[in-house]
Amino acid sequence: MVIEWRENAPKWQQVADVLKKRIADGTYPPDARLPSQHELVQEFEIAPNTAQKVLTRLRQEGVAYSVKGVGTFVAPPATEG
């Protein structure tokens, strides 16, 4: 997917927004594997460092979690209570 980059936001943030929209619409349900760094580079035509930052930020925001040697996955929704 080639997106039209907005001048007022970093590329990593724009890619992260696309992934968050896909999570919200069910394209990537809870515990589904997200695209790898390499897959993000290919799909969005971004630098590897940018793709790494996307995945790091999603983990920091609690949207995703990593399994070492396996990949990055959609975090299940937070439960209240």
Are Val63 and Leu34 connected in a single hydrophobic cluster, I mean Ile/Leu/Val/Met/Phe/Trp/Tyr linked by side-chain heavy atoms less than 4.5 Å apart?
yes

Which is it for Val74 and Asp31 under the side chain to side chain contact (heavy atoms under 4.5 Å, CB included) test, yes or no, and what are the steps along the way?
CA-CA 5 Å; Val74 177; Asp31 297 314; over 6 Å; no

Minimum-distance pair of heavy atoms, taken over all atoms of Ala75 and Gly62
CB-O, 3.3 Å

Has Gln37 got a side-chain atom pairing as donor or acceptor with Pro48's backbone, closer than 3.5 angstrom?
yes

Do you know the tightest heavy-atom contact between Thr72 and Ser66?
OG1-OG, 3.4 Å

Return the minimal non-hydrogen interatomic distance between Val41 and Ala51, and the atom names on each side.
CG2-CB, 3.9 Å

Evaluate the side-chain proximity of Lys53 to Gln13: yes if any heavy-atom separation is below 4.5 Å, no if none is.
no

Side-chain donor or acceptor of Thr56 paired with backbone N/O of Gln52 under 3.5 Å:
yes

For Asp17, is there an ion pair with Arg57 - N to carboxylate O distance below 4.0 angstrom?
no

Does a side-chain heavy-atom distance below 4.5 Å link Tyr65 with Pro76?
yes

Main-chain N/O of Ala9 paired with Gln14 side-chain donor or acceptor, under 3.5 Å
yes

CG of Leu19 to OH of Tyr28, rounded to nearest 0.5 Å, is 6.0 Å

Salt-bridge contact Arg33-Glu39 (side-chain N to carboxylate O under 4.0 Å):
yes

Should Lys11 and Glu4 count as an ion pair when the cut-off is N to O under 4.0 Å?
no

Is there side-chain contact between Val18 and Phe44, with at least one heavy-atom pair below 4.5 Å?
yes

To the nearest 0.5 Å, tell me how far Leu40 CG sits from His38 NE2.
10.5 Å

Can you find a pair of side-chain heavy atoms, one from Ile46 and one from Trp5, that are under 4.5 Å apart?
yes

